[in-house]
2 protein chains.
Amino acid sequence: MEEIANLLKKIAPEMAHVVEQRFEILKNIYYNQPIGRRALSAIMSLSERSLRTEVKRLEELGLLEIEPKGMRVSREGEAVINCLENFVYFMKGLNFIADRIKERFGCEEVIIAPGDSDVDETVKNLMGKEAASYLRSFLKNGDIVAVTGGTTMAQVPKGMPKLEGFEDVVVVAARGGLGEKVEIQANTIAAELAERLGARYRLLYVPDNLGPEAMESITSEPRIREVLSLIKNADVVIHGIGRAEEMARRRGLDESIIEEILKKGAVAEAFGYYFDSEGRVVFTTTSAGLSIADLKNVRKVISVAGGAKKAPAIRAFLKYHCPTALITDEGAARKLIELEGGNPDE
Amino acid sequence: MEEIANLLKKIAPEMAHVVEQRFEILKNIYYNQPIGRRALSAIMSLSERSLRTEVKRLEELGLLEIEPKGMRVSREGEAVINCLENFVYFMKGLNFIADRIKERFGCEEVIIAPGDSDVDETVKNLMGKEAASYLRSFLKNGDIVAVTGGTTMAQVPKGMPKLEGFEDVVVVAARGGLGEKVEIQANTIAAELAERLGARYRLLYVPDNLGPEAMESITSEPRIREVLSLIKNADVVIHGIGRAEEMARRRGLDESIIEEILKKGAVAEAFGYYFDSEGRVVFTTTSAGLSIADLKNVRKVISVAGGAKKAPAIRAFLKYHCPTALITDEGAARKLIELEGGNPDE
DNA sequence: TAACATAGGGACAAAAAATATCCCGGGAGG
DNA sequence: CCTCCCGGGATATTTTTTGTCCCTATGTTA
């Protein structure tokens, strides 16, 4: 397949754009159906008119159904979306970019979803799907899986089909820490993922930023201790990476502390740790859960994060610790190569 | 590969067309280089201007070199031609057409070269190559191979690489019959094919249309008898199919006889036999060699014929006897489906 | 050497296609 | 009932493609 994609790019590079765009349109409709032209043209940055001509084509090709309620992708269109994803991957040269990231940072696996989640929310679905299918590829019954929160992480359980045979898997939140919307909290994600896997789950309720005494008293609770011990023995960790400032705000840190963190050059956050652009830990929230030093002992670490804006954060984290697998998107991946002084397009 | 071609046709058929056209252009330049725009636009039925834009693109893509002497395909262009050929096959849906022909006429194998040899002489090369590679796939040392003449058949030895290990193969002309240009006579082709295979060959010099007495005296010659016995025991027959009128003229039949043959509805000729559109034998030239009744006993029969104009002739022959393999081209294959009341494009 | 054929490429008008903009009637939901 | 969004038609404008004609360079032949 890769050869054919390269061949086609050689003889008709325009085709890449056309195919990518149509794929993008189809995908966006799929995730928002039924949707109208105007709404869609707003989501994608495309003039309504040019979207209309494309849509008309897609309808003629039978990939799309246009109803008074809006547009929906046809049965055939769905099939095309699924098949096309891999093809678009090669068409965009993402395999090449993935290889370069692998080589540069030493990851075992790098998976890049086409698109940029900064621009197109649906790309997060793809990342979730990829993370889920990667997890599935090696997960054994009896494993302990720790997960963190975040909007991207929230897509991981959604991308996982209902499975059986994982009754002895335990999914657990990697860190305490609330203060976020419930649907993107680690605990929620852990529960959802467990449900998909047919596995068990354990929740961890430890607020961020407790004082030392309060922390001690909470972590001495037997139920909490039990969960913490699970976390320490996690076989798999799936986690998001955030931009330092954004995460600090979302976690409700004091403005003075935020200022201090940023002054120290923090650009990335993961597990409640803040990293500067060289991958050094510059600040730690006092919360219970997975300690970053434990990462080395974890069998599989899966980092999931995308969006061009997050590229510096991803880069910082990769410099600190190279995960087993990085699941990202095209926007972040291209930017990452740029930050490393390369040109994504060869 | 087939899936990708179908996918591409589904989501961007215009692009598929562009790829086909560029491939066609590249191929035509390759077989005629160095060639100018005007000459090329005459060969292909394309306006000079539109060819010019395409050519410019191909040059920008580095597949083509434009020199004062004319255009030539670059080294990379050659690679693209080679790799793309199979892909174009699926893109044009030729596999689908081939399957339909197989099913309709019961052939074991149908191979379709892209293009139409009526329009583009170079397509005959492709047919020759396909025939050669098919022959190679099953030929055993010790086999007897009988061949006929014709312009298309002449491409079969040219498409055969020099081989070893076929020292005990004997290639022989299937029918006597001269009156053609030497380079497309069965004897010439037999000799050439034998040379490529590293095999032996035997020639057959029996003119067409001898009187009964002359025929008898010739066929009683020991050397002739020996060749005839080889032919009767042929393991493989590779033969062309011609249009009845054209062949009758080329063989130098009397005008009155030609008229009579055509009156009987003859449309096809093979081995010196003439068939009407229903596949009935309506006339036989009196010549020595393979009798058409012997076809049934031949292990492998390979029919090689192409060009939209020949479709009725091919159809007639297929109705008489379904060969093991039919090697034809796109023009003939599409027309064949049409004649059978189908639509080549589904 | 001069005439000739064929090469690529420039220029420009005509045609076609893509694009922007606006508006209309219709159905769903408040 | 009104309002909002839906698809789709109509039209003017811009951009791209296509058709035509001519020019000059280069290599070949008489």
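Order of the sequence lines fixes the chain letters, A, B, ..., with proteins taken first and strands second; residue numbering starts at 1 for each chain.
Per the geometry, CZ belonging to B:Arg57 stands 9 Å off P belonging to D:dT18, to the nearest Å. Atom-to-atom, CD of B:Glu67 to C1' of D:dG27 comes out at 13 Å; the value is rounded to the nearest Å. Distance A:Glu14 CD to C:dA18 C1': 16 Å, rounded to the nearest Å. Regarding B:Arg52, its CZ atom lies at a distance of 11 Å from the C1' atom of D:dC21, rounded to whole Å. Rounded to whole Å, the distance from NZ on B:Lys56 to P on C:dA11 is 11 Å. Between the CG atom of A:Leu64 and the P atom of D:dG7 there is a distance of 10 Å, rounded to whole Å. Note: CZ (B:Arg49) to C1' (C:dA11) measures 10 Å, nearest angstrom. Taking atom CZ of A:Arg38 as the reference point, atom C1' of D:dT3 lies 14 Å away to the nearest angstrom.
Residue B:Ile66 places its side chain closer to C:dG8 than to any other of D:dG9, C:dG8, D:dG7. Closest to the B:Lys69 side chain, of the nucleotides C:dT19, C:dT21, D:dG27, is D:dG27.
No engagement by B:Glu48 is indicated, since no non-hydrogen atom pair under 4.0 Å with the nucleic acid exists. Residue-level contact check: A:Leu51 touches neither bases nor backbone, having no heavy atom under 4.0 Å from any strand. If you check every strand for non-hydrogen atoms under 4.0 Å, B:Arg72 touches nothing. Nucleic acid contact class of B:Leu46 (heavy atoms, under 4.0 Å, all strands): none.
Dashed line: the shortest gap from a side-chain N or O of B:Ser47 to OP1 or OP2 of D:dT18 is not under 4.0 Å.
A:Thr152 places no side-chain N or O within 3.5 Å of a backbone atom of A:Val304 that could act as its donor or acceptor partner.
If you run side chain to side chain contact (heavy atoms under 4.5 Å, CB included) between A:Ile25 and each of A:Arg57, A:Glu54, A:Glu20, only A:Glu54 comes through. Checking B:Val88, B:Leu126, B:Asn125, B:Val73 one by one against B:Lys27, the side chain to side chain contact (heavy atoms under 4.5 Å, CB included) holds for a single residue, B:Leu126.
When side chains are defined from C-beta on, B:Tyr89 counts as touching B:Ile112, because their heavy atoms get closer than 4.5 Å. The side-chain heavy atoms of A:Met153 and A:Ile184, taken from C-beta on, include no pair separated by under 4.5 Å.
Heavy-atom nearest nucleotides on DNA chain C were determined for A:Pro68 and for A:Glu54, and the one closer to the 5' end corresponds to A:Glu54. Comparing B:Arg37 and A:Thr53 against DNA chain C, the residue whose closest nucleotide sits nearer the 5' end is B:Arg37.
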